[in-house]
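As structure tokens, the structure follows; a few thoughts come after it.
Letters A, B, ... are given to chains in the order of the sequence lines, protein chains preceding strands, and every chain is numbered from 1.
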Protein chains: 2
Amino acid sequence: MSLPHAILTALLEKPSSGLALTRRFDKSIGYFWSATHQQIYRELGKLEEGGLIRALPSPQPTRGQKKEYEVLPAGRAELAAWVDRAEDPKPIRDPLLLRMRAAAVVGPGGLGVELSRHLALHQAQLKEYEEIEERDFPAGARDGAQDRLRHLVLRGGIELETFWIGWIEEALAGMPEADSEPGA
Amino acid sequence: MSLPHAILTALLEKPSSGLALTRRFDKSIGYFWSATHQQIYRELGKLEEGGLIRALPSPQPTRGQKKEYEVLPAGRAELAAWVDRAEDPKPIRDPLLLRMRAAAVVGPGGLGVELSRHLALHQAQLKEYEEIEERDFPAGARDGAQDRLRHLVLRGGIELETFWIGWIEEALAGMPEADSEPGA
DNA sequence: AATCCCATGTAATCTGTTACATGATTGC
DNA sequence: GCAATCATGTAACAGATTACATGGGATT
């Protein structure tokens, strides 16, 4: 139940068309909640139908025509209620951890190569986050409540990437190349 | 595409019935890939149909009768291939980070309460992992390739919980009670 | 008129969740 | 016999992914 709220948040930050939203879900909001344009258009339809957002009046709203959306008061209220709502953290569900566990049973095979590849991807993502941090939250700047919260979210991303980098390095250290298979 | 491989891994570790698998997905494997019994039964059916596992011969395989499964060579091969396969890390998709971002727009409301609740849950989970580590991987024990990999997976869980605890504490520190709402 | 890009969608499929149904076994 | 529990499933739906379809405007 997070996608509609991700969209409401994005639209409150700046009213947008479906495509513009899609672009923003490739960065910014999308760093913490990804979505494709199909999901976004479908959800925009539902949100409009539910009276949480509305399309800004435009000449002719036909197919292929840009349609800008803005959040209605009901939408803002729903988002505020969601922020407060109790919702348990989802248990971890990560394919890489699972693959490591499988490797313990069938042997690591070429997992080392894959780990190195992931390491590079996480390092690149970390670098991207750090550049954003430098640009948007330079050290020593006074910031308001809004900025503090947004910075905190970014810190979360940075620390998660840092965790992965450390964990993968640890994994690679204990994994020569083609290790021998454990017992059948 | 991870659920079938999670099941193959679990069945290689120990042939089991559907219900026994379900129980094990509440701990162990389930710490890194959760699944309900409905998912498991459905997937067991597909895996059997696909010739990756088979039900051990039993008296009368009717409804309500226990059915034990074991992995066939094709299943082991598929799992080994999956361990090697290139599969990009999924982008972060976390409701709590998203809620923090939404809080930057609509104000934190009672998010602090929710954060404290999550903090307690993560602390409990961390404790559970640490007890497992003490029990299964006591310091100074020599361990084989299999144990090293399984320990590494557990370390991943421990470090992830540690991250969340740190991050939530950081968040709570910068969030008195009911902060004032930022701009409309 | 052909091609490309912007923009909005539909359809099919897969994965995951929630609620419910059915049969077998065991203890009372 | 009845209730509780073990065990295996069905059905309906919600959410996410992938592939494809449609149309407008600009460029060449």
Value in whole Å for how far the P atom of D:dT5 lies from NE2 of B:His37: 16 Å
N or O in side chain of B:Tyr41 less than 4.0 angstrom from D:dT8 OP1/OP2: yes
Rounded interatomic separation in angstrom, taking CG from A:Leu19 and P from D:dG23: 19 Å
Partners meeting side chain to side chain contact (heavy atoms under 4.5 Å, CB included) with A:Ala141 (sequence neighbours left out): A:Pro138
Distance (rounded to the nearest 0.5 Å) between A:Ile168 CD1 and A:Leu96 CG: 5.5 Å
Interatomic distance where NE2 belongs to A:His5 and C1' belongs to D:dG15 [whole Å]: 14 Å
Side chain to side chain, A:Asp88 and B:Arg117, heavy atoms closer than 4.5 Å: yes
Within residues 69-108 of chain B or reaching into it, pairs that qualify as ring-ring contact (aromatic ring centres under 6.0 Å, His included) - sequence neighbours excluded: B:His5-B:Trp82
Integer-rounded Å distance: C:dA7 P and A:Asp26 CG: 14 Å
If you restrict it to nitrogen or oxygen atoms, what contacts under 3.5 Å exist between nucleotides 15-18 of chain C and the protein, and what is each distance?
unit_1	atom_1	unit_2	atom_2	d
C:dG16	OP2	B:Gln39	NE2	3.2
C:dG16	O5'	B:Gln39	NE2	3.4
C:dG16	N7	B:Arg42	NH2	2.9
C:dT17	OP2	B:Gln39	OE1	3.4
C:dT17	O4	B:Arg42	NH2	3.3

Residue pairs fulfilling ring-ring contact (aromatic ring centres under 6.0 Å, His included) with at least one residue in residues 110-143 of chain B, sequence neighbours excluded: B:Tyr31-B:Tyr129, B:His122-B:Trp164, B:Phe137-B:His151
Nearest-angstrom distance from the residue atom CG of A:Leu47 to P of C:dG9: 13 Å
Below 4.0 Å: OP1/OP2 of D:dG25 and any side-chain N or O of A:Lys66: no
Touch class at under 4.0 angstrom, heavy-atom based, for B:Ser17 against every strand present: sugar-phosphate
Separation of D:dT8 P from B:Ile7 CD1 (nearest whole Å): 13 Å
Rounded distance (Å) that lies between atom C1' of D:dG15 and atom CG of B:Leu98: 15 Å
Options D:dG9, C:dC6, C:dG9, nucleotide nearest the side-chain atoms of A:Arg23: C:dC6
Residue pairs involving residues 5-32 of chain B (criterion salt bridge (charged side-chain N to carboxylate O under 4.0 Å, His left out); sequence neighbours excluded): A:Arg101-B:Glu13, B:Glu13-B:Arg24, B:Glu13-B:Arg150
Indicate every side-chain donor-acceptor pair of residues 39-53 of chain B with a distance under 3.5 Å to a residue at least two apart or in another chain.
unit_1	atom_1	unit_2	atom_2	d
B:Gln39	OE1	B:Thr36	N	3.2
B:Tyr41	OH	B:Leu19	N	3.3

